[in-house]
Structure formats: structure tokens, C-alpha cells
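Below: one structure, written as C-alpha cells.
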Amino acid sequence: MMKEFRKNRLAVLCLLVLLSLYGLALFADFFSPYAYDEEDVEHLWSPPAKIHLIDREHNIFLKPFIYKDSFTIDEYYRRIYREDRTQAVPIRFFVRGFSYKLLGLFKSDIHLFGVADSSKIFILGADSKGRDLFTRILYGARISLSIGLIGVLISYGIGLLLGGIAGYYGGRVDMILMRLVEMIMLVPGFYLMLALRSSFPPNLSSTQVYVLLIVILSFIGWASIARVIRGMALSLRENEFVYAAKSLGLRDLQIIVRHIIPHTFSYAIVTIVLSIPGYILGEAALSMIGLGIQEPQASWGNLLSSAMGIVNIKLFPWILTPGLFIIAASMCFYVLGETLRDIIDPKRKISL
Amino acid sequence: MSDIITFKNLGIRYRDGHKALLALDNVTFSVKEKEIFGIVGESGSGKSTLAFALLGLLPENAVGAGQIFFEEKDIFSLPESRMREIRGRQLGVIFQEPASSFNPVLSIGYQFRELLIHKMQVQDAAQRREIMLSYLKEVGLKDPLRILDSYPHQLSGGQLQRVAIAYALSLKPKVLIADEPTSSLDVTVESQIINLFSYLRDKFNVTIIFITHNLDLVGVLCDRVAVLYKGQLREIQEPAALFAAPKDPYTQELIHTFSQLTQNE
């Protein structure tokens, strides 16, 4: 199986991209030059920094540098940033900056890169408050990417168990559970999400919202999983080994957990991977329209909320970059899921 | 010897829409302690239904009447929770298809361990291991250590059937129900398994109900034989008497066709 996976270059690439995204998120403190809520009035809407290796006199440097920039205000009161070609600011690596706890354990103030205090570097530009977009994308990744994982695990837990129970017992239990599932699936996901969110107070703290988002997304997500697992359980319970387990007097829950659910795992792994983008997009959608993660905390969704107006996109196109991260992460999960499905597909296995 | 199981006026119907299919019709007989009791009949004669009724594992569309006494208690009307305690611990069962009676994703040892933990409350790992190995040896498996680590698909049908018997015996049941345990095995393995059953009866003092459509096996193995036909009990005899002087017209016909069949071979 590993061999087959490694043969698929695209899937390997996607796995690497995802791993690096999660790595960036996990070590966001280290990779980001500034704190996620560090504002700077001197750099409102500062465009992405141009990183140079060659200076005015055509000298080639081995170390990249940027030019210190300053702005003038034009007739529309817009800031026009200009590089000052006389003042090169070298980019330094492993510099000391704000202090943080790596993984919440080790105290440190080392950052991957940075510039001297007299200037600032925004490799992906800055937002309306002069906060570094790159930094905020990394911190946002923590929320956006972890919501996907946690949400999907919770819905799978619920979906597997309830689907397994419905399929195994059949009859009235099945009937009640499946009607419940249909009630949830009946309402279009996005509106259900909005309705659920609106049933809670709007002014929650970011942690509360984070938990709430996971609860909402899992509440919507478990239904479709339960339905498929129920179908699989219905056919699995007719297997003789289930009869054998019964005839040995094992309890129903033991049979469901040991003898039914494990057989759905190959399906589950594929669908878990394929459904993670749904959670990421769900969080992004809610946060973008202001119902999810609140400022100053960042998530990929609420970073995009400033990109809702066409004027902003026209003037400051770099604020769309969080969207690129969302697209990249979602696509990688899809490709990964599709590849896993092809590999695990039992029909292919038999023909081997 | 006293009776351990008594079927009394047992009738089972399968509902199918508005129709009802009669599977067992007013069957009454007793199985004595420590005997090997054969039940023969053709496909659809109700012999498997009898086993499922005894175990309380009838499908949902089955309707039953009558009583099944196990050690003088009527177990046919027991609720599922009580029946679960009897199943396995009192009444063991071995199915026809050894290959499909095991969970293919769990190793033999893993499934055995679960059984001992949940049904026998053996919590000590070393003790569990000893029990597993001793039962696997008892059913004639040569390399029990390897068997424990194997997955079902790595073993042959005969080996799996032996493992199934070891599982069932490890719960120390009083009665072992074997539902066509050798039908899917080849003839050499079949005779080994048959010998194993006689050996185990003496060793573990267990009553064996042996369900089969093969008259040959009944003759070799069983103390008494019941003949089922279309859900009715036709006669109960010792095998020798059954072959020499069948009373019932159906049994006569059955033995006749069977002897013709063996002669042709």
C-alpha cells in the first residue's frame, strides 16, 4: 500500500504540502516574524516586501535584503509606498523577537527570520491595521486546520457508533436514528450552520467560538457518515462471524465495536480525508461573514473578511492570499483522499 | 443418564409478507447428557432452525411455539439478556463455514483473548495465554503459537474449524452444537474432525448435537439419530438400528438412496 502511494507523485506532493502547512501552524511562533496582533500605523496596507539579491550598483549579495520603505499620501488619501533605494535592510535569520513558548513548553524568542527594528518585513503584505499577513496566516492555520481535524474526528466518532448501532439492530432503532439523520441532512448545510450559530450569543470569546464551531460542524457532519456506516453495518451483521460472535455470547456493543466498525475503516479513512476540506471551508465561511473566529484572533476565514469588498481587492490584492491557502489545503486533502480510495478500493485488492 | 435438553411441541414459522413458512412442526424429543446426538435431514428440513431456536438466534421474522428445556429450565422464552449468558457458556456452537465464522481483520489470538476476557473473566495475560495454547493443542493443532498470531485467511479450513472448536470449548459449555461442521471440508479432514468430536466428548464430558445431511458420519459418530423431514420429526433410533430397520417411510427412502449413492461410487 505504501509502495502504491509513493508511486503517485501528486499524492506525495500533496501530503508534503499538508505536512508543511501543519508544521507551519504548529510552529507558527517560530516561523512568524511578528506577533499575530502586533499593529503598526506606519505600515497600514503595506504591500508584500520585494526581496532583493542585487543592489543598485549591480552587486550580488548572498544574503537577501529589502529596502526600507516610506509612503506618501496621494490625492485620494491613499498611501503610496515607495522603496528607499539608499537604505538596504538585510534579512537576518534566527533573530530574537517577541518571546513565546514553543509547543507551549519551551520558552524561546528565536524567530526564523526578521529585520532590524528600524524597519519591518511583510513578505505577504500587511492588513488594514498594519499587521503582518504572513504571521496571521500562520496563526490562522492553527485554527482553520485544527478545526478540520478535530471536527472530522468527532463527527466520525458519533457517525460510526450511531450508524453501527442503527445498522446492527435495525428495526425501530434504525428507523428513529435514520429519520433523525434525514432531518439534519434535509436542511442545506450552510443555512443549518447559520441557524445553529445564531442560536448562540454573538459576543463569545474566541475560544468559545472555536469550540462552538467544532460542535456545529460535527453536528452537521455526523449525519451523512452515520447513514453510510449504517448501510455497511446492515450487510456486515449478516456475516457469519457476527453470528459466531453472537453464538459465543458476546455483548452487542462488543460486537458492534469489534466486529462491525473495524470493517468500515477503509471506507472511513478515505471519507475522513475527503471531508476535512468541508470543515475547513465551513469554518472559513462562518468566520468570513463575521460569525466565527473574532478579531484580533486570526483564522483563514476572518482574514478574508476584509477581502469582501471589490475596492479592497482592487487596491490591496494580497489580502486574497489566505484564500490561496484554503484552496491549497482543500485540494491537497481531496487529492490525498482520492488516491487513498483508489488504493484501498477492495475491488482492486482482489484483482491483485 | 438424564436428559439435558428437551424440545417440547416446538413449532417455528417464518413469516414472509402474508405467507408463513413452516420450518418446524410440533417437534418433541430429548437429548441425553454426554451423548452425541445426530440430527439428519435434507436441506430445508428444519435442522438448522432447530439449532438456532436452541441458541435463541432465530431471525426476526420467526414465530415460535412450544418449549425448549435446558437442564429443566425453559430457555425458549428467556429474554435476550439472559439468553446471552447461556449462549457460549452453556451452549457452544460450531458453524458450517469455518472461513467465515472468524472476523477477517482480527488475529486468531486477538479474538480468542477477547472471548476469554469478556466471557471467562480471565484478566491475567499469562494465564490467558496458557489457556489458549492448551485448548489449541487439545483440538489437535500442531503449532499453536503460530496459530495465535495468524489471521483467519492464513489458515486452512480444517485448521479454522479446529480453532472454532477450541473457542467454543474454552467457554466450558455443557452442550456443543455442531451445525454441519464438516460440510465444507475435504474427506480426510472431515474424518479427523469427526474423531476429534468423539475424543472431546470423553475428555470434556460435553454433550454434542451433531447436525448433518451425511448419513455416513452419523453412523460412525452418533449414539442416537433423529431424522427430520419437512419440519417434522420422523424417527429417533440408534444408528445401527436405523440402518438395519428404518421404521419411517421417509427414512427408508433416505437410506435406500444413500446406499445406492455409495455403491455407485
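Source: prediction; values computed, not measured.
- Environment of CZ in A:Arg227: sparse, with no more than 12 heavy atoms of neighbouring residues, nucleotides or ligands closer than 6.0 Å.
- B:Asp16 places no side-chain N or O within 3.5 Å of a backbone atom of B:Lys19 that could act as its donor or acceptor partner.
- Side-chain atoms of B:Arg128 never come within 3.5 Å of backbone atoms of B:Arg113 as a donor-acceptor pair (strictly under, hydrogens ignored).
- Applying a 4.5 Å heavy-atom cutoff, the residues of residues 236-246 of chain A that approach chain B are A:Arg237, A:Glu240, A:Phe241, A:Tyr243, A:Ala244, A:Lys246.
- With B:Gln96 contributing its side chain and B:Ser183 its backbone, the two residues share no donor-acceptor pair below 3.5 Å.
- Contact count versus chain A (heavy atoms, under 4.5 Å) is highest, among B:Arg84, B:Gln111, B:Arg89, B:Glu97, for B:Arg84.
- Side-chain atoms of A:Ser146 come within 3.5 Å of backbone atoms of A:Ile143 as a donor-acceptor pair (strictly under, hydrogens ignored).
- In terms of modelled atom types and a separation under 3.5 Å, the side chain of A:Arg142 and the main chain of A:Ala25 share a donor-acceptor contact.
- Other residues, nucleotides and ligands place no more than 12 heavy atoms under 6.0 Å from the CZ atom of B:Arg129.
- Taking 4.5 Å as the heavy-atom cut-off, the residues of residues 164-182 of chain A that approach chain B are A:Tyr169, ordered by number.
- Side-chain atoms of B:Ser156 come within 3.5 Å of backbone N or O of B:Gln159 as a donor-acceptor pair.
- Proximity to chain A (any heavy atom under 4.5 Å) is restricted, for B:Leu91, to the backbone atoms N, CA, C and O.
- Contacts with chain A were tallied for B:Glu85, B:Glu80, B:Met83, B:His118; B:His118 has the most, counting heavy-atom pairs under 4.5 Å.
- Ring centroids of B:Phe37 and B:Phe29 are separated by less than 6.0 Å, placing the two rings close together.
- Residue contact with chain A, scored on non-hydrogen atoms closer than 4.5 Å, involves the side chain of B:Glu60 exclusively.
- B:Asn103 contributes a side-chain N or O that, together with a main-chain N or O of A:Arg258, makes up a donor-acceptor pair within less than 3.5 Å.
- Within 6.0 Å of the CD atom in B:Gln121, the count of heavy atoms belonging to other residues, nucleotides or ligands exceeds 12.
- Residues A:Phe333 and A:Tyr279 place their aromatic rings such that the two centres sit no closer than 6.0 Å.
- Your options are B:Ala164, B:Ala168, B:Gly92, B:Pro104, and the one with the most heavy-atom pairs under 4.5 Å with chain A is B:Pro104.
- When heavy atoms are compared at a cutoff of 4.5 Å, B:Leu171 approaches chain A solely by way of its side chain, counted from C-beta outward.
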